[in-house]
There are 2 protein chains.
Amino acid sequence: MGQQSDLQALLNPRAIAVIGATARPGRVGRIIFEQLRRSGFSLYPVNPNESDVLGIPACSAVSALPAGEIDLAVIAIGAEGAVTAAEECARSGIPHIIVVAGGFAEAGPGGKVLEDRLSAIPKITGSRILGPNTLGVFLPHNRLDTLFVEHGDSALARGGGVAFISQSGSVGVEALGLASNTGFGMRAFIGLGNKCDLDEIDFLRHFGEDSGTTCLAFYVESFDRGRDFLEAARGIAARKPVVVLKAGRSGAGASAVSSHTGRLAGSDRVVGGAFRQFGVQRVFDDEALCDAAKTLSVLPVPKGNRVAILTPAGGYGVMAADHVELHHGPGRLEMAVLEPATEARIRAATFPFASCRNPVDLTASANDRMVGDALDALLDDPNTDMVICTAFFAPPSITDRMVEEIAGRAENSAKPVIVFTQYGPFTDDYLRRFHRHGVVGFPSVGRAVRAARFLAERASILKNTEAAP
Amino acid sequence: MGQQSDLQALLNPRAIAVIGATARPGRVGRIIFEQLRRSGFSLYPVNPNESDVLGIPACSAVSALPAGEIDLAVIAIGAEGAVTAAEECARSGIPHIIVVAGGFAEAGPGGKVLEDRLSAIPKITGSRILGPNTLGVFLPHNRLDTLFVEHGDSALARGGGVAFISQSGSVGVEALGLASNTGFGMRAFIGLGNKCDLDEIDFLRHFGEDSGTTCLAFYVESFDRGRDFLEAARGIAARKPVVVLKAGRSGAGASAVSSHTGRLAGSDRVVGGAFRQFGVQRVFDDEALCDAAKTLSVLPVPKGNRVAILTPAGGYGVMAADHVELHHGPGRLEMAVLEPATEARIRAATFPFASCRNPVDLTASANDRMVGDALDALLDDPNTDMVICTAFFAPPSITDRMVEEIAGRAENSAKPVIVFTQYGPFTDDYLRRFHRHGVVGFPSVGRAVRAARFLAERASILKNTEAAP
């Protein structure tokens, strides 16, 4: 740990060895091997018991792999064998190794001895190790995928900007599911596992420099080099958002972290204070982490924290205003005070009986065009920094075309627009349609307002950065 | 207001007059008329310009309706005409009237004059009015449906126990959408609208006595008779849960309430203190209201607040423990301390390397049966009051059958089981499957833990009730 690392060969390998590749159905070594073959990577299966794996000739041992050709070894066998294989890979000069198996420090003293052997490898040989106890990596843009669990249709995940780095495989898989469902575009998923070598700082630095990454999202249970992480994050946060979910905050949570990864969780209070100082945005659960990543990876940063609310349903205007005004943590919002000209413009475009003060309530008589026109008026008002728009499809004059109305106006504005769309059987379909148009939407008013807070917090971080010497 | 009311004829009418019933497509008067006809009610359309409406002969005026036969008049014409029609209905002795139109107190001084005329009717005639500015009512069990907006497939809404009473039509429609999607069973939806006569107290009393109702959920922006509501709620809350979302808590929210319904919102602080004293459970947004209704209408009340967490994914155990321990409001939870025998039983049923202290982490090697056996062990432990179970389908040995494993064990226990299931393209399908088995599930760990808090709060309300003289 702590040494400089070029992760290019890990994340964009030319040739990959899969130790434990097998034709036996259901095995992790088969799932990973098949995925990589489908993606077109140049592959070297290693298996002493199978002469070829799914048509590709196998090497009987790591020592039989062609010298100097392999960028990455994925080791898909049990803990004991994996350590020996990793030692052999390192001796063969393979620069990057992913160890998938669990049964290391998280499993007790015996596992800790095995993990210590793994940790020694990078120090002696210079090869870098990701894991053990990790799902590995998934990069939609080059189809590098070592994840051995179902993670949904990656179509929507393609082409996105979120680098999602997770100490927990399952939290990462959930994020992938969300991304593929109604979610956000993924640049990379990295499962850190037990972090015997590569850790959150290595990937923070890598994706901080990666031009395709627009937002870094971390799920971390323990920081071994907390100060280094924050120092590195400060420089990156000046250019792109860094969001962190630090789990294991409570006594029981911290004790569970110890069982989960064999580490101790840091003091929650120390972590909390430091994050803000270094420009890191903190969230408290998986839903918030994914929502923040979705919002911050796509929307422009607002100039300030003044939010306008547009709705064809009075109740949601009331609740949104409550959410805006009653939260006083980071990313505090203010209700924008609209120009009289804006109110007049909205009234002229809609009804005499529309409520044109913020929150603007067009009533259930609104139609698609009126929602679009009112949105335009709010975006043009010099007193607004962003707009939360309720996309409510129940009113009789509202149609599916409202999606395009809203998307068209949002596209032409430098101010962020966040959509809230109702629950019900069509919610996910509408969220997907908004997503395809580049519009960020959420299925509850509370989450839409929280997304606005993420943006306000980001705006405040950038202001502090510019103000710093 | 304040007079005694029997709402049977409103909510279970034998014959209904629809004023403004029409064959003209897209009109509210057609939507409502068609729905009621489909449901098989005995109908009397009133329309001076159409001799019959969709094959049913129309009356030319309210005065032409058969005397003494009509239980309910639904008035689906504009504000001015609606007032006159309501006066005529009352004079004809029709006991219940729903006024759908907006354009009353919420629209300014002219509308206020019209609404005052409506308010006078019950005092003079004894007829009761629901509305104006309301979506009306929807009761899945007898198919009475005057809602004129899309509200999803009601199949799942049928047979449930939630009476959802909402001052906002749109919040109600969202709840119906949720109910029909992955949600909860609905006993009734009531849109209160401007509450010129019937208000939340009338329906609190009615559904408090209704044996088919297992939970009452209110969205209210303003209480006109706050003390009466609380007094009535106290008696009912001793028998079934009463949950209230009081919107308009902030300055901007309260001001928006005024535009929305023409009422002033009460002081938030006064409301908050009083609720707890009277056994009313308070929530702060629509998502929480629906989640509380779903949980409290179905699950048994736990004996206490000690929660066990079961997961095949360590990260979620850590986050759930954080959520359990770091919240200190009403419904505070405690992590259950398991009996050594329970830990041994789980280990014996699973793996030597499973983490068998609470939160119990079976690891991604778990299979369906192991999840079920561990759940049984946790439910049998005398130190647990309820269990939150992560239903995570990504691990290779977990299959769809886990739904039935969990449902079967939950069914046989007197302790509540709450499921958290992952995001992703299949989340809603799984939530629906759990729902069909009577299992309450949520798509985020935070919402699952919050549901446990609703139950703990309910347990504490019942304890206080029993302790009271």
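Chain identifiers are assigned alphabetically (A, B, ...) following the order of the sequence lines, protein sequences preceding nucleic acid strands; residue numbering begins at 1 within each chain. Keep in mind it's a predicted model, so treat the numbers as computed, not measured.
- In this structure, the separation between CE on A/Met319 and CG on B/Leu245 is 6.0 Å, given to the nearest 0.5 Å.
- Qualifying salt bridge (charged side-chain N to carboxylate O under 4.0 Å, His left out) partners for A/Arg450, counting only residues two or more places apart in sequence or in other chains: A/Glu287, A/Asp291.
- With a threshold of 4.5 angstrom between heavy atoms, A/Ile31 does not approach chain B through any atom at all.
- Without hydrogens or angle criteria, B/Asp285 side chain to A/Gly446 main chain gives no donor-acceptor distance under 3.5 Å.
- The nearest pair of heavy atoms linking A/Gly315 to B/Ser168 is CA-OG, 3.6 Å.
- Rounded to the nearest 0.5 angstrom, B/Asp286 CG and A/Tyr316 OH are separated by 4.5 Å.
- The main-chain N or O of A/Gly248 is found under 3.5 Å from a side-chain atom of B/Asp322 such that the two form a donor-acceptor pair.
- A/Arg357 CZ: 12 or fewer foreign heavy atoms inside a 6.0 Å radius.
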